[in-house]
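Down below is the structure, laid out as structure tokens.
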Amino acid sequence: MAGGPLQQRVHLASRSPRRRELLAQIGVAFDTISFRGAPREDAAVDETPLPGEDARHYVERLARSKAEHGCELVRRRRLLPQAVLAADTTLELAGELIGKPVDADDACRILRCLSGRSHRVLTAVAVAFQGRIELALSDSVVRFRHLDDGEICRYVASGEPLDKAGAYGIQGRAGMFVEHLAGSYSGVMGLPLCETALLLRRCGVLP
């Protein structure tokens, strides 16, 4: 009896361990493409917002740029011609984009701003395959309970928030800050699994 179609591997254009964990969670086999970090950072991973840029345009632009750059690296490095998956996540609070903190003091400032308020978490996913790019967007709302300065300082001292958009990881210690979530838990982590799986299916990567 013949088996079903085989799942293809993808190139993951991301340094995020959370995205690797989430792809593995749904059984997607992948090879990681590493971009250069600071100070010789690839222009495609420059996360500086454009003047007046809104959150949706920002994450979709970066996800597309990272997927395109991933394809270029596949050609340049003569890697297997697999689909390239990239993603980007940002927070929006009262119209302001909030990215990764620059240091511990900035992380404390961001968390004080999020305390007792609702914010949006937007993650765009891009899959580049056979000369085209497919995009999907996850848009979630998260509300934090009130945080006192002591717990903010203890959380920042743990080191967990320093490499994360919005200075927190919902899958880690900051899970105890979340009073309400409307949307995608995995999208807040950095890779919305429902949208990602549907994209990969449309591109023929998943059966």
Side-chain angles (χ1 to χ4, degrees), residues 13-22 34-66 69 86-125 137-192:
S14 175
R15 293 178 291 185
S16 166
R18 276 82 58 191
R19 293 188 178 120
R20 294 197 295 266
E21 291 165 8
L22 287 165
S34 296
F35 294 163
R36 287 194 305 249
R40 297 174 60 245
E41 190 171 61
D42 290 298
V45 295
D46 179 357
E47 298 181 348
T48 305
L50 300 176
E53 189 170 32
D54 65 30
R56 176 171 186 152
H57 185 271
Y58 172 77
V59 292
E60 289 184 341
R61 175 177 62 83
L62 282 180
R64 179 184 291 275
S65 178
K66 291 174 182 179
H69 188 58
D88 194 78
T89 301
T90 196
L91 273 70
E92 182 186 54
L93 178 66
E96 178 187 356
L97 297 184
I98 301 177
K100 297 174 184 176
V102 296
D103 55 26
D105 288 342
D106 192 38
C108 289
R109 179 192 64 81
I110 291 171
L111 290 166
R112 290 187 188 105
C113 289
L114 299 180
S115 174
R117 304 172 70 183
S118 294
H119 59 272
R120 295 171 67 202
V121 181
L122 294 93
T123 297
V125 184
L137 179 74
S138 169
D139 189 342
S140 302
V141 176
V142 179
R143 184 172 68 242
F144 273 18
R145 61 173 172 81
H146 176 75
L147 309 178
D148 63 49
D149 267 356
E151 60 187 334
I152 288 174
C153 290
R154 287 191 296 274
Y155 178 56
V156 172
S158 75
E160 183 178 284
L162 298 181
D163 66 338
K164 296 174 178 63
Y168 77 92
I170 195 171
Q171 73 282 4
R173 299 185 188 187
M176 63 183 174
F177 302 158
V178 178
E179 191 171 60
H180 180 75
L181 165 64
S184 169
Y185 180 86
S186 57
V188 176
M189 281 183 66
L191 190 70

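Numbers here are sequence positions counted from 1.
- With sequence neighbours excluded, the residues satisfying salt bridge (Lys or Arg N to Asp or Glu O under 4.0 Å) with Glu151 are Arg145.
- Of all non-hydrogen atoms in Ala167 and Leu111, the two that sit nearest each other are O-CD2, 3.6 Å.
- Shortest non-hydrogen contact noted between Leu162 and Ala107 is CD2-CB, 4.1 Å.
- Here Asp46 contributes atom CG and Lys66 contributes atom NZ; the two are 10.0 Å apart, rounded to the nearest 0.5 Å.
- The shortest heavy-atom contact between Ala87 and Gly190 is CB-O, 4.0 Å.
- Annotation: ring-ring contact (aromatic ring centres under 6.0 Å, His included) contacts involving residues 91-112, sequence neighbours excluded, are absent.
- Within the structure, every pair that satisfies the salt bridge (Lys or Arg N to Asp or Glu O under 4.0 Å) test and touches residues 158-178, not counting sequence neighbours, is listed here: Arg18-Asp163.
- In this structure, CG in Leu50 is found 10.0 Å from CG in Leu97, a value given to the nearest 0.5 Å.
- Counting only heavy atoms from C-beta outward, the side chains of Leu91 and Leu114 approach each other to under 4.5 Å.
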- Item | CA sep, side-chain torsions, deciding dist, call: Arg61, Glu53, side chain to side chain contact (heavy atoms under 4.5 Å, CB included) | CA-CA 10 Å; Arg61 175 177 62 83; Glu53 189 170 32; 2.7 Å; yes

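- The ring-ring contact (aromatic ring centres under 6.0 Å, His included) test applied to Tyr168 returns His119, Phe144, not counting sequence neighbours.
- In this structure, the salt bridge (Lys or Arg N to Asp or Glu O under 4.0 Å) partners of Glu92, at least two apart in sequence or on a different chain, are Arg120.
- Between Ser65 atom OG and Glu47 atom CD the span is 10.5 Å, to the nearest 0.5 Å.
- Pairing each heavy atom of Met189 with each of Ile170, the nearest pair is CG-CG2, 3.7 Å.
- Ser184 approaches Ser140 most closely through the heavy-atom pair N-OG, 2.8 Å.
- A pairwise comparison of heavy atoms in Ser118 and Leu93 identifies O-CD1, 3.3 Å as the closest pair.
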- Item | Stepwise side chain to side chain contact (heavy atoms under 4.5 Å, CB included) test for Asp88 and Tyr58 | CA-CA 9 Å; Asp88 194 78; Tyr58 172 77; 3.8 Å; yes

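- The only option from Thr90, Thr89, Asp139 that meets the side-chain hydrogen bond (donor to acceptor under 3.5 Å, both in side chains) definition with Thr123 turns out to be Thr89.
- Shown here is Arg143, whose CZ atom has more than 12 heavy atoms of other residues, nucleotides or ligands within 6.0 Å.
- Each side-chain hydrogen bond (donor to acceptor under 3.5 Å, both in side chains) pair with one or both residues in residues 101-112, not counting sequence neighbours, appears once here: Asp106-Arg109, Arg112-Asp149.
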